[in-house]
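The structure under discussion appears below in the form of structure tokens.
The structure presented is a predicted model; accordingly, all values stated were derived computationally and were not measured. These values consider heavy atoms only, across backbone and side chains, with no hydrogens, waters or symmetry-generated copies. Below, read A as the first sequence line, B as the second, and so on, with proteins coming before strands; counting in each chain starts at 1.
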2 protein chains.
Amino acid sequence: MATIERNTTLAAQIRQSLEMQIDSKLLQPGVKLPSERELSELFDTTRTTVKEALLAMEAEGRVYCEDRRGWFVAPPRLIYNPLYRSPFHQIVTEQKRQLETLVLSSRTIVATPTLCQELALPTLSRVNEVTRLRKLDGRVVLLARHYLKPERFPGILEHDLSQSLTTLYEQQYGVRYGRSRFEINPTAAWGEVAQALMLTEGSPILLISCVNYDQHGEIIDCDHEYWRHDAVRILVDSQELERMKANTLL
Amino acid sequence: MATIERNTTLAAQIRQSLEMQIDSKLLQPGVKLPSERELSELFDTTRTTVKEALLAMEAEGRVYCEDRRGWFVAPPRLIYNPLYRSPFHQIVTEQKRQLETLVLSSRTIVATPTLCQELALPTLSRVNEVTRLRKLDGRVVLLARHYLKPERFPGILEHDLSQSLTTLYEQQYGVRYGRSRFEINPTAAWGEVAQALMLTEGSPILLISCVNYDQHGEIIDCDHEYWRHDAVRILVDSQELERMKANTLL
DNA sequence: CAGTGGTCTAGACCACCAG
DNA sequence: TGGTGGTCTAGACCACTGC
């Protein structure tokens, strides 16, 4: 919550002013803020200073920016447990939110060295790559690239890949997730990633990389998830893991 | 790795130029970059543009800024598993790095509503708060605030709190960590946190909140860890958890 | 085509840090 | 005290979006 404070900098005053509007629900999640130019007139300053305030609020996850579209009030973060490999759709609906999945591409490629290492493959192996964009309540929040071992999922690229891969694995191939391992890196978005997430080049994002194993401990696939950093909150409970295990192995 | 590309923007060219120097080890981790003014002359541009390039590199974790001190080449990230509650000193030395811990304050306070909830305490309970600053290879990377249930650790504030709390708990109070639960929030640094981490107000950071339970499933303590976002890489393996459990419970 | 943010210029004054 | 980044001004042109 924003509190009234004596603050030295102009940018801090702009921030507080906007935060008070947001806290008081006068500015609702998803609503577009006035343009940088309008704000700079409102606060009798320049775009540079307004932008500085907005960037700090963006870092905090209070507002977000869509490239050349404008600034918006950030909705609540999605709570996400990367170890909990249930269908993503389910995770989202349990939080009473709406998911949309777009398949950007699906193809077979030669694995990069990093991928070979992650999937424990010999060099120059081929892998299936599926790139999907996910929208939360209509907003782009996640670009996910899945890399599958082709021999485990023959012909999978012919299926409808906008559905849950978890379900597809299980129903079509009898493969279920067992243990998994993930890594979180705060980093920046460039090129395609920035474009897909509608971010400016160099914006901070969260990169979550998962490696998944089946019920027999064999590697199934891995994925690289590029998240808008304000859209997610990671939550991991070691106890929940026990329950998951019970569910998976029985 | 930076590759030579035709890039449109000046800021991107500055970035690539600096990244090439870093990749080629001409600029070693920890080394100070030329001042913003020098760089702007070097690249025949203004401080604004130089700063834009530096901020993007900071988001990526290639460089970092110390408030009013200058810009430095970022050292490799520390690999950190928040579920793995072994002495932090051990985690750091295993990665052949050097840890320094400074106790900033230790006192008894009235728990905030958030804290009461996290620790499952009645409202207006008192808790012991220990604030510590941690340096990795001489660089401030983490401000950690621990909140302990006072009745579990009578007189703990009299001990030397710059040592491992894990060890202190076990040796002085016979308390060992069992399960735990953590949460990761990308957010921004304000006030004391920004100051302690030598960050500009509003810089992006990673907030990791942990709640820890003892071997009997009772809550022991929780902590709020404010990390410089470029200093850490979270890694969690569900299998490792099994081993941990075996170690803790036997 | 009007409006948006993205990028960039060429300065200025300040607080703070280090020698 | 000289040099650093922090903050801020008052503009400009551009690429792209959305009507």
Side-chain angles (χ1 to χ4, degrees), chain A residues 6-16 18 31-59 63-73 138-140 188-191 194-204, chain B residues 6-16 18 31-59 63-73 138-140 188-191 194-204:
Chain A
R6 280 287 144 262
N7 249 289
T8 41
T9 73
L10 221 184
Q13 288 169 35
I14 298 174
R15 235 184 46 229
Q16 282 182 12
L18 289 174
V31 159
K32 189 178 172 307
L33 296 180
S35 75
E36 293 182 0
R37 270 171 258 259
E38 279 179 81
L39 287 172
S40 64
E41 281 184 27
L42 259 170
F43 291 100
D44 196 31
T45 179
T46 57
R47 270 183 69 199
T48 316
T49 304
V50 166
K51 189 158 211 143
E52 192 197 322
L54 290 170
L55 284 173
M57 290 178 71
E58 185 191 38
V63 300
Y64 66 95
C65 186
E66 292 195 357
D67 197 70
R68 272 169 246 266
R69 273 180 197 81
W71 291 87
F72 304 83
V73 178
R139 170 190 173 212
V140 173
W190 308 111
Q195 251 181 344
L197 293 176
M198 302 204 285
L199 288 164
T200 309
E201 300 264 322
S203 296
Chain B
R6 280 289 143 260
N7 248 288
T8 43
T9 73
L10 221 184
Q13 288 169 34
I14 298 173
R15 237 183 44 228
Q16 283 182 11
L18 290 175
V31 159
K32 189 176 173 310
L33 296 180
S35 75
E36 292 182 1
R37 270 170 258 259
E38 280 178 81
L39 287 172
S40 63
E41 280 184 30
L42 258 171
F43 291 98
D44 195 31
T45 180
T46 56
R47 269 183 71 199
T48 316
T49 304
V50 167
K51 188 157 212 144
E52 192 197 324
L54 290 170
L55 284 174
M57 291 177 70
E58 185 190 38
V63 301
Y64 66 94
C65 185
E66 292 194 357
D67 197 71
R68 271 168 246 267
R69 272 177 200 83
W71 290 88
F72 304 83
V73 178
R139 169 189 172 212
V140 173
W190 308 111
Q195 249 179 346
L197 293 177
M198 301 204 286
L199 287 165
T200 309
E201 301 263 324
S203 296

Item to check | Side chain proximity check, B:E58 to B:L54, heavy atoms < 4.5 angstrom | outcome: no
Item to check | Phosphate contact (C:dC16 OP1 or OP2) by B:R69 side-chain N/O below 4.0 Å | outcome: no
Next on the checklist: Under 4.0 Å, heavy atoms only, any strand: does A:Q195 hit a base, just the sugar-phosphate, or nothing?
Outcome noted: nothing
Checklist entry - Do A:T200 side-chain atoms and A:S203 backbone N/O form a donor-acceptor pair below 3.5 Å? => result no
Item to check | Touch class at under 4.0 angstrom, heavy-atom based, for A:T48 against every strand present | outcome: base
Item to check | Steps toward side chain to side chain contact (heavy atoms under 4.5 Å, CB included) verdict (B:L33, B:V63) | outcome: CA-CA 9 Å; B:L33 296 180; B:V63 301; 4.0 Å; yes
Next on the checklist: Please determine whether side chain to side chain contact (heavy atoms under 4.5 Å, CB included) holds for the pair B:Q13 and B:F43, giving the CA-CA distance in whole Å, both sets of side-chain angles, and the decisive distance to 0.1 Å.
Outcome noted: CA-CA 9 Å; B:Q13 288 169 34; B:F43 291 98; over 6 Å; no
Item to check | Pairwise 5' ranking along DNA chain D for A:T45 and A:D67, keeping only the more 5' one | outcome: A:T45
Item to check | B:R139 NZ/CZ over B:Y64 ring centroid, <6.0 Å and within 45° of normal | outcome: yes
Next on the checklist: Please classify the nucleic acid contact of A:E52 as base, sugar-phosphate, or nothing, using heavy-atom distances under 4.0 Å.
Outcome noted: sugar-phosphate
Checklist entry - Between B:T49 and B:I14, does a side chain to side chain contact (heavy atoms under 4.5 Å, CB included) hold up when you go through it step by step? => result CA-CA 9 Å; B:T49 304; B:I14 298 173; 4.2 Å; yes
Next on the checklist: Measure CD/A:E38 against C1'/C:dA2 and give the value in whole Å, please.
Outcome noted: 13 Å
Checklist entry - Contact class for B:T46 vs. all strands (heavy atom < 4.0 Å): base, sugar-phosphate, or nothing? => result base
Checklist outcome for this item: Bounded by its outermost nucleotides with an atom under 4.0 Å from a heavy atom of chain B, the footprint on DNA chain D reads D:dT4 to D:dT7
Checklist outcome for this item: Rounded to whole Å, CE of A:M57 lies from P of C:dG5 at a distance of 14 Å
